[in-house]
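Data first, discussion second: the structure below is written as structure tokens.
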Amino acid sequence: MAYMKRSPWIIHYDGSSCNGCDIEVLACLTPLYDVERFGIINTGNPKHADIFVVTGSVNEQNREVIRNIYEQMPQPKVVAALGICACSGGVFRECYNVMGGMDKVIPVDVYVPGCPVRPEQIIDGVVKALGVLEEKRARMKAGAPAEVPA
Amino acid sequence: MTRQIVIPFGPQHPVLPEPLHLDLVMEDERVVEALPSIGYVHRGLEKLVEKRDYKDFVFIAERICGICSFIHGMTYCQAVEGVMDLPVPPRALYLRTVWSELSRLHSHLLWLGLLADSMGFESLFMQSWRLREHILDDLESTTGNRVIQGACKVGGVRHDVSNEKLGSIVAGLDELRPKLDDLVNVFVRDDSVKHRLGGLGVLTEQQAWELGAVGPVLRASGVSNDIRQIGYAAYDELEFTPVVETGGDCYARTMVRAKELFTSIDLIRQAVEKIPEGPVEMKVTGNPWGEFYARSEQPRGEVVHYVKANGTKNLVRFRVRTPTFTNLPPLLAAMKGLQLADVPVVVLSIDPCIGCAER
Amino acid sequence: MRREAQPIEAIEVPDLLARVGERKAAGDRLIAISCAVVEGVNEITYSFEDRDHAFTNLRITVPPGATIPSTTPVYWGAFVYENEIHDLYGLTVTGINVDYGGHFYMTKVPFPFAAPTPAAAPAKEEKE
């Protein structure tokens, strides 16, 4: 079945986001933008997911949760950081409880800045993530590890 | 005797877009006690006032929460304007009122959708969010942004909206009304909705008031309390009656929010009819000195912004008490005796906004 | 636009529970307990509202690291505010009904809002 294009499943976690990006992630799934028509499904189970969509920044308490979700996902997997907080900490980067962007705890493949990100940008980001997913799959098929060490 | 077990709920849970963790102490299927542990989204943004100019801080205040964003920005401005005793131009106050009510419409439609999702009523979720896009289009065409509008500033609003545009918003809402009627009808009459919500998570009037419930949670328990009645922005010149239900259960809380959609449309119409001509901002010079509590009605209930200033450009203290934070104790009371399968619905019934609650 | 009156009455710590109890007996709702550090001391303000939206405040002033009594015997829901005050300001609140023991907020910095205590102040000077 390798000749068929794949529909990625997504898992979403809200780091310490203000919700702005999260509701836009949900808006992508609902009738106006409707990415579900491409078979992209928001799953609650990390082991079902191909793309990890994270919003918000890393703080003391959610660091382990984010790592946990990431590590439970099977290879190949792609991380898309949505919104400027997930990319770098954004307006909150100077807060005492914010460590910075998602790349402080997990490897990020796609950065989608914006405050908040618009649904169009999110869809673009996910399409980009699909490309990265295919590359990683190809690497694994060739017997190489999916992740290229930085 | 039945053995007690503790079931962790969250922080990553399919029903909540946001991280909230609850320890549920269970006896078989019954919740004996629920204890929240929070802090997964705590940023500590109140402390940022020490690093940002009090005028620039509006942008941070708006980002306390992306859903209730406009009203957070506005309430912060009201707090600073209260300290400085600024006479804000009336047209700005009316525009703030229109945007506040548009925010309430989008937030309530969002919540109705999430509630439907938590009941497993997927098509109703999709329909609520489809109608919500109409409101987001109105927000985007008047402020330039869908979710975090950036429209408010200390001393007024950032841009005017023409009377023609305001008229077309009202006309658009009139067209939307029959669709909202259809949607609300499902929540009011559908048997499966009634079955999932009726008699669930009951708070008596006394419990709701004494435990500090606010907003739709308080009004669903029979207390007529709506902070818009204190007359901030242009609300003192508009007519409205708070929506009150007496059931105190999840169904009553749903009814309050569903009916408030129409109150909001009516308030927007009144505001557009009465809006005066004139400037929409004033020049603000100098630094604030003093303290002020500003209260306003978020979609989720009363929000309090407290500002203390000492005559420098950085505030001494900014504090925000959000509706979800004070609705937590009533939620814990409402959860006792629930079946595990009903926990997501009851948690959602207070319209939890964790981003707000933890700041 | 109306700006509401917001009287703030300063009271003594030993009177706190009795005064908060009076408000409960009068049928007021506890809106919030807020804390602020002003010139090295903690101002703790208890805000109330009656059924007609009349907004009033009681305020106590305590030094850094002080111990204050819990108001949860009066208002059950006050534990959220009191745990917050403990975790962010480093004040001790005695007799909370639901005491998180410092695990309400897990912050990277302990007591991020706390006023500098006399013990901590010399360390800062050494750094400079």
Side-chain angles (χ1 to χ4, degrees), chain B residues 33 35-40 42 44 46-47 78 81-82 85 87-88 90 93 96 207-214 218 223-227 229-237 291-295 302 304 306 308 310 316-322 325-330 332-333 357-358, chain C residues 1-8 23-24 27-39 42-45 47-57 59 72 74-81 83-85 87-89 97-100 102-109 112-115:
Chain B
E33 202 174 7
L35 273 181
S37 69
I38 66 171
Y40 291 96
H42 179 63
E46 290 175 355
K47 193 97 176 151
Q78 284 170 352
E81 288 155 4
D85 200 21
V88 182
L93 296 174
R96 285 180 182 180
Q207 273 180 318
W209 179 260
E210 288 185 357
L211 295 178
V214 293
L218 184 55
V223 182
S224 173
N225 179 292
D226 190 317
I227 303 302
Q229 289 169 313
I230 68 172
Y232 62 92
Y235 289 108
D236 54 335
E237 292 167 22
E291 59 183 324
F292 197 82
Y293 287 90
R295 296 197 290 159
E302 173 200 51
V304 185
Y306 169 69
K308 182 155 197 135
N310 65 353
V316 175
R317 173 79 166 119
F318 164 69
R319 168 174 167 70
V320 50
R321 200 285 274 130
T322 58
F325 195 74
T326 185
N327 274 336
L328 278 177
L332 302 185
E358 304 182 7
Chain C
M1 177 190 54
R2 281 198 299 265
R3 286 201 180 111
E4 59 181 341
Q6 33 194 255
I8 299 170
R23 293 309 173 92
K24 171 89 180 271
D28 283 8
R29 172 171 73 89
L30 175 70
I31 290 179
I33 306 175
S34 333
C35 189
V37 173
V38 180
E39 287 165 6
N42 296 283
E43 282 181 358
I44 304 170
T45 313
S47 308
F48 304 89
E49 175 191 71
D50 72 6
R51 296 256 179 174
D52 300 312
H53 293 302
F55 180 68
T56 49
N57 303 280
R59 176 171 289 171
T72 52
V74 186
Y75 286 100
W76 186 83
F79 71 88
V80 284
Y81 305 111
N83 279 296
E84 184 181 66
I85 286 174
D87 289 4
L88 299 184
Y89 285 90
N97 52 4
V98 185
D99 194 336
Y100 282 75
H103 296 285
F104 196 57
Y105 289 111
M106 309 268 248
T107 53
K108 196 159 77 175
V109 188
F113 285 84

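As the structure is a computational prediction, the values presented were derived from the model and not from experiment. To find a chain, count down the sequence lines: A is the first, B the second, and so on, and within it residues start at 1.
If you measure heavy-atom distances from B:Asn327 to chain C, you find no contacts under 4.5 Å at all. When heavy atoms are compared at a cutoff of 4.5 Å, B:Leu93 approaches chain C solely by way of its side chain, counted from C-beta outward. Using a 4.5 Å cut-off between heavy atoms, C:Glu49 touches chain B through backbone and side chain atoms alike. Of the atoms belonging to B:Glu302, it is side-chain heavy atoms, and not backbone ones, that fall under 4.5 Å from chain C. Both the backbone and the side chain of C:Tyr81 have a heavy atom closer than 4.5 Å to some heavy atom of chain B. Only the side chain of B:Tyr306 comes within contact range of chain C, with heavy atoms under 4.5 Å apart.
The shortest non-hydrogen separation linking C:Ala36 to B:Arg317 is CB-CG, 3.7 Å. Closest approach of B:Leu211 and C:Gly77 over heavy atoms only: CD2-N, 4.3 Å. Of all heavy-atom pairs between B:Trp209 and C:Asp50, the closest is CH2-O, 3.8 Å.
Distance check, rounded to the nearest 0.5 Å: NE2 of B:His42 to CG of C:Asp87 gives 9.0 Å. We find the CZ-CG distance between C:Phe79 and B:Leu332 to be 5.0 Å, quoted to the nearest 0.5 Å.
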- Query: Are B:Asn225 and C:Arg51 close enough, and set up right, to give a side-chain contact (heavy atoms from CB on, under 4.5 Å), and what steps lead you there?
  - Reply: CA-CA 8 Å; B:Asn225 179 292; C:Arg51 296 256 179 174; over 6 Å; no
- Task: Could you check B:Phe292 against C:Gln6 for side-chain contact (heavy atoms from CB on, under 4.5 Å), going step by step and ending with a plain yes or no?
- Result: CA-CA 8 Å; B:Phe292 197 82; C:Gln6 33 194 255; 3.7 Å; yes
- Message: Assess the residue pair B:Thr326 and C:Arg29 against the criterion (side-chain contact (heavy atoms from CB on, under 4.5 Å)); give the C-alpha distance rounded to whole Å, side-chain angles, the decisive distance to 0.1 Å, and a yes or no.
- Response: CA-CA 11 Å; B:Thr326 185; C:Arg29 172 171 73 89; 5.5 Å; no
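When each of B:Ile227, B:Val88, B:Leu328 is checked for heavy-atom pairs under 4.5 Å with chain C, B:Ile227 comes out on top. Residue with the most contacts toward chain B among C:Glu43, C:Glu4, C:Lys24: C:Glu4 (heavy-atom pairs, distance under 4.5 Å). Comparing C:Leu30, C:Val74, C:Asp52, C:Ile33 by how many heavy-atom pairs each has under 4.5 Å with chain B, the most go to C:Ile33. Of the residues considered (C:Ile31, C:Asp28, C:Ile8), C:Ile31 shows the highest number of contacts with chain B, using heavy-atom pairs under 4.5 Å. Put simply, of B:Ala234, B:Gly82, B:Pro330, B:Ala333, the one with the most heavy-atom pairs under 4.5 Å next to chain C is B:Gly82.
For B:Arg319 and C:Glu84, the salt-bridge test passes: some basic side-chain N is under 4.0 Å from an acidic carboxylate O.
Residues forming a side chain to side chain donor-acceptor pair (under 3.5 Å) with C:Ser47 (at least two apart in sequence, or on another chain): C:Asn57. Residues satisfying the side chain to side chain donor-acceptor pair (under 3.5 Å) test with B:Asn310, not counting sequence neighbours, are B:Thr312.
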